[in-house]
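Because only heavy atoms are used, hydrogens play no part in the values below, and waters and symmetry mates are left out as well, while side chains stay in.
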Amino acid sequence: MRWLSLYLRSRGVPPIAGAGLGLVALAWTPWTMFSKTRDVDFPYVLLIVVLLVSAVSVTLAGPDDALDRTAAKPWRPRRLAHLLVTYALITAVLLATLATPARFGPAAEVSRDVAGLLGLTALGAALLGAHRSWFLPLLWTLPALYISAIAGEGGAAEGPPSWTRQALTWMMQPIDSRPAAIVAAALAIAGLLAFSLRGTPPRPASDPAPA
């Protein structure tokens with residue numbers, strides 16, 4: 001238990017967890033007070049998911065890169081557990097609102113999007129470093145929201161979205177979209193494997209470790 005406590009503190013997990021809970025509460029409260037519907041608009045829910053997984057990015061590396069690579073304890077299962085527990089906690093917090101006056105759902109879409117975006121964040125951590133990994137979910141989601149909004153203005157006359165559009169805007173698609181399911185699963189698996197096996201690259205000298 002002492003090792004776990006040190007691990008969580010070294011990665012700043014307690015303050016990030018508190019900030020995440022505060023973010024969900026901050027998003028939940030005005031909807032409960034001012035909205036006439038219980039179901040929160042899904043783009044709003046998606047932005048909360050993006051902010052949560054982006055906040056998690058800072059916990060994917062410790063303050064000492066060398067220690068993470070040379071310590072005697074096996075890091076691969078610990079990195080795997082870090083991601084799996086993070087996924088479970090984010091999903092649980094969001095889906096707990098389904099029993100409240102403001103519901104962050106649908107449950108299936110939320111679970112899929114947390115998995116895919118967290119996998120994308122983990123993949124970014126393995127390739128770019130934890131301090132830059134939040135770029136990827138943000139830079140994919142914001143254009144996807146824009147594309148979906150533009151497509152919505154065109155109405156139903158355009159017909160169902162193409163395979164490519166569904167893949168590019170996977171986080172906005174209904175749960176029965178096969179392209180969305182494929183992309184989300186691919187990102188989740190790729191991120192899980194890349195981060196668990198490789199960890200994060202050493203920070204360049206121009207990017208000092210956080211205190």
Any donor-acceptor pair under 3.5 Å from Ser10 side chain to Tyr7 backbone:
yes
Can you tell me how far the CG atom of Leu193 sits from the CZ atom of Phe195, to the nearest 0.5 Å?
12.5 Å
Are Trp163 and Ile147 grouped together when hydrophobic residues (ILVMFWY) are joined by side-chain heavy atoms under 4.5 angstrom apart?
no
Kindly check if the number of other-residue, nucleotide or ligand heavy atoms within 6.0 Å of CZ (Arg38) is above 12?
yes
Nearest heavy-atom approach of Thr86 to His82 is OG1-O, 2.7 Å
Measure the spacing between CG of Leu136 and CG of Leu120 and express it to the nearest 0.5 Å.
5.0 Å
Test of understanding: clusters of I, L, V, M, F, W, Y form through side-chain heavy atoms closer than 4.5 Å, transitively. Do Val49 and Leu139 belong to the same one?
yes
Dump the intermediate steps for side chain to side chain contact (heavy atoms under 4.5 Å, CB included) on Leu47 and Leu142, then the final yes or no.
CA-CA 9 Å; Leu47 286 175; Leu142 292 182; 4.2 Å; yes
Smallest heavy-atom separation, Ser111 atom then Leu95 atom, equals OG-CD1, 3.8 Å
Distance-only, no hydrogens or angles: does the Glu109 side chain make a donor-acceptor pair with backbone N or O of Ile175 under 3.5 Å?
yes
Atom of Arg103, atom of Leu98 and distance for their closest heavy-atom approach
CD-O, 3.2 Å
Check whether Arg112 reaches the backbone of Ala107 with its side chain - one donor and one acceptor, N or O, closer than 3.5 Å.
no
Short question: side chain of Trp140, backbone of Phe135 - any donor-acceptor pair under 3.5 Å?
no
Starting from Val40, can I reach Leu21 by hopping between I/L/V/M/F/W/Y residues whose side chains sit under 4.5 Å apart?
yes
Treating Ile, Leu, Val, Met, Phe, Trp and Tyr as nodes and any side-chain heavy-atom pair under 4.5 angstrom as an edge, say whether Val85 and Trp75 lie in one connected cluster.
no
Thr141 side chain vs Leu138 backbone, donor-acceptor pair below 3.5 Å:
no
Relative to each other, are the rings of Tyr44 and Trp31 parallel, tilted or perpendicular (30° and 60° limits)?
parallel
When every non-hydrogen atom of Pro101 is compared with those of Trp28, the smallest separation belongs to CD-CZ2, 3.9 Å
For Ser162 and Gln166, what are the C-alpha separation, side-chain angles and deciding distance, and is it a side-chain hydrogen bond (donor to acceptor under 3.5 Å, both in side chains)?
CA-CA 6 Å; Ser162 65; Gln166 291 183 62; over 6 Å; no
Nearest 0.5 angstrom please: Asp113 CG to Met172 CE, how far?
9.0 Å
Taking all non-hydrogen atoms of both residues, which atom of Pro137 and which atom of Leu117 are closest, and how far apart?
CB-CD2, 4.0 Å
Using a 3.5 Å distance criterion without hydrogens, assess whether the side chain of Thr97 forms a donor-acceptor pair with backbone atoms of Leu94.
yes
How long is the span from the CG atom in Leu118 to the CG atom in Leu187, to the nearest 0.5 Å?
11.0 Å
Could you go through the side-chain hydrogen bond (donor to acceptor under 3.5 Å, both in side chains) check for Thr121 and Trp134 one step at a time?
CA-CA 6 Å; Thr121 303; Trp134 60 272; over 6 Å; no
Using side chain to side chain contact (heavy atoms under 4.5 Å, CB included), reason through Leu8 and Thr59 one step at a time and then give a plain yes or no.
CA-CA 8 Å; Leu8 296 177; Thr59 73; over 6 Å; no
Atom pair CD1/OG of Ile16 and Ser54 - distance to nearest 0.5 Å
10.5 Å
Nearest heavy-atom contact between Ala125 and Ser133 is N-CB, 3.2 Å
Just how far is it from atom CG of Leu89 to atom CG of Leu52, taken to the nearest 0.5 Å?
11.0 Å
Would a hydrophobic clustering, with Ile, Leu, Val, Met, Phe, Trp and Tyr connected at side-chain separations under 4.5 Å, put Leu168 with Leu123?
no
